[in-house]
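This report concerns only the one structure given below.
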Number of protein chains: 4
Amino acid sequence: MARSAQIDVAVRFSETDLMGVAHHAAWVTWLEMGRLALIDGSGLPYTEIARTHHLSVVSVSLRIRRPLVFGDTARITTVLDKVGSRKVCFVYELHHRDSGVLVGTGATEHVCVDLEGRSSRLPDRVVAALHHEPAPSR
Amino acid sequence: MARSAQIDVAVRFSETDLMGVAHHAAWVTWLEMGRLALIDGSGLPYTEIARTHHLSVVSVSLRIRRPLVFGDTARITTVLDKVGSRKVCFVYELHHRDSGVLVGTGATEHVCVDLEGRSSRLPDRVVAALHHEPAPSR
Amino acid sequence: MARSAQIDVAVRFSETDLMGVAHHAAWVTWLEMGRLALIDGSGLPYTEIARTHHLSVVSVSLRIRRPLVFGDTARITTVLDKVGSRKVCFVYELHHRDSGVLVGTGATEHVCVDLEGRSSRLPDRVVAALHHEPAPSR
Amino acid sequence: MARSAQIDVAVRFSETDLMGVAHHAAWVTWLEMGRLALIDGSGLPYTEIARTHHLSVVSVSLRIRRPLVFGDTARITTVLDKVGSRKVCFVYELHHRDSGVLVGTGATEHVCVDLEGRSSRLPDRVVAALHHEPAPSR
């Protein structure tokens, strides 16, 4: 069964725009918060991964079904979609926390890179953690 | 022939992240700058449209082929992809200005809303401007 | 005794820059979160105030004693410093939540404006709420 | 005579907030753009400095006299205020480009740090460049 994580993110005043709603670029940062929560929940926090590698974003897609305003809280569910040898994919659902209404969906693809930005295989400890098996000692 | 616009955007220091590259959410704001330049080039500036309507983002997709770093400038080409009665779509290509390398592509879909956020037909003057016909007096 | 509020804010990945630390503009948005938490705690949420008025920022000062990195959480203490007839001032202390170390301080000044941006007296219900007296019916 | 630099920055749609004006945190990033333009104008671009050092922000102050809206362009004048052995200070004036009206002022202080974030003396080549003497070969 796919791993998932859920977080709540309140719309910040600074994330609104002159239309009076949360700007779509803020939604993109919320997806990032969702997947980092999923990774942290794997037992291998991203701060650990980041000592040697990064999961560089190669694609983002976001669909906004209903805007969110200041005062709203988004409930973001992130699901680990695929783990390849060099790539990881996540999908997302965003609900308005208080009403339960689905307000958006998203997907991101990531390639593993080393600290110089060169493409790399996913470290075994990352794959193991994402699969929720006990991480090898590091 | 499809209308298009080209702008150059230098990566801001504040747009970088700890990986040392421009954060992908910054790329999303660059797409916005690209389409607003296209709209402004239509003879009907977005500030005029915004007196009565907005083009609310309902979907964004972005593919990053190569990261950009502080010191780089992105050349963003925006093409008007479709104009419906209530919807507008744009597609984007991003090149590294100095090398000419294609670094990313994107697409966005927008629905027309009034200032209360209700779905609306695109005003005739907006459709006319996007089609580059003389805008009706406003 | 001055009213105060405390919130914890985890550094977001998207808030870091190529130096590997939280960008100072992110700190400025954290001050905003701190004061909005204080206002919300007054019993008159900012979303209510914002129906008729805003507390427009006229000055910000921020001193960073120690940088914060991704993985850190800031504990932000906001104190209501002054309430005038047209002006409100807040001061802030930021601590590294886990170590307790003081990492920064700040201050902001705000003038009351109506929804057209014109200078305005602070509504009585706002003054009352900030002073923690029972808010008049609204 | 103090070194200075002038740049124009158009308010981005994504920088506005629900008050309909540019958010004050955006102003803070504009100050950064102003000082980086000044540094780049010294003949020693910040991208060069950043190979070995950073000018870490230790204080920011900003005064907003008049808000800016989407469609406005800020003209930012940055003046090199002080160069010490470990510290650099800049002051800023922001004008509404089209009307010439002074809309804000600012000041920032920076300490020199190495790439591990440790306090450092300003490299001679940085001091030389800021003083506009010919930079030593690097």
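Keep in mind it's a predicted model, so treat the numbers as computed, not measured. Lettering follows sequence order; numbering is per chain, from 1.
- Listed options D:T105, D:L18, D:V60, D:L115 were ranked by heavy-atom pairs under 4.5 angstrom with chain C; first place goes to D:V60.
- In this structure, chain C has a heavy atom under 4.5 Å from the side chain of D:V113, while its backbone stays farther away.
- Smallest separation of non-hydrogen atoms from C:H53 and C:D114: CD2-CA, 4.2 Å.
- At a 4.5 Å heavy-atom cutoff, C:V111 makes no contact with chain D through either its backbone or its side chain.
- Between chain D and the options C:G106, C:S61, C:G20, C:P67, the largest number of non-hydrogen pairs under 4.5 Å is found for C:S61.
- Heavy-atom neighbours of D:R97 CZ from other residues, nucleotides or ligands within 6.0 Å: above the threshold of 12.
- A distance of 12.0 Å separates CZ of C:R35 from CG of C:L80, quoted to the nearest 0.5 Å.
- Interface remark: of the candidates D:G104, D:S59, D:G117, D:S59 forms the most heavy-atom pairs closer than 4.5 Å to chain C.
- Across all non-hydrogen atoms, the minimal contact from D:I64 to D:H24 is CD1-CB, 3.7 Å.
- The candidate with the highest count of non-hydrogen atom pairs below 4.5 Å against chain C, out of D:E109, D:H23, D:R63, is D:R63.
- Within a 6.0 Å sphere centred on CZ of C:R65, heavy atoms belonging to other residues, nucleotides or ligands number 12 at most.
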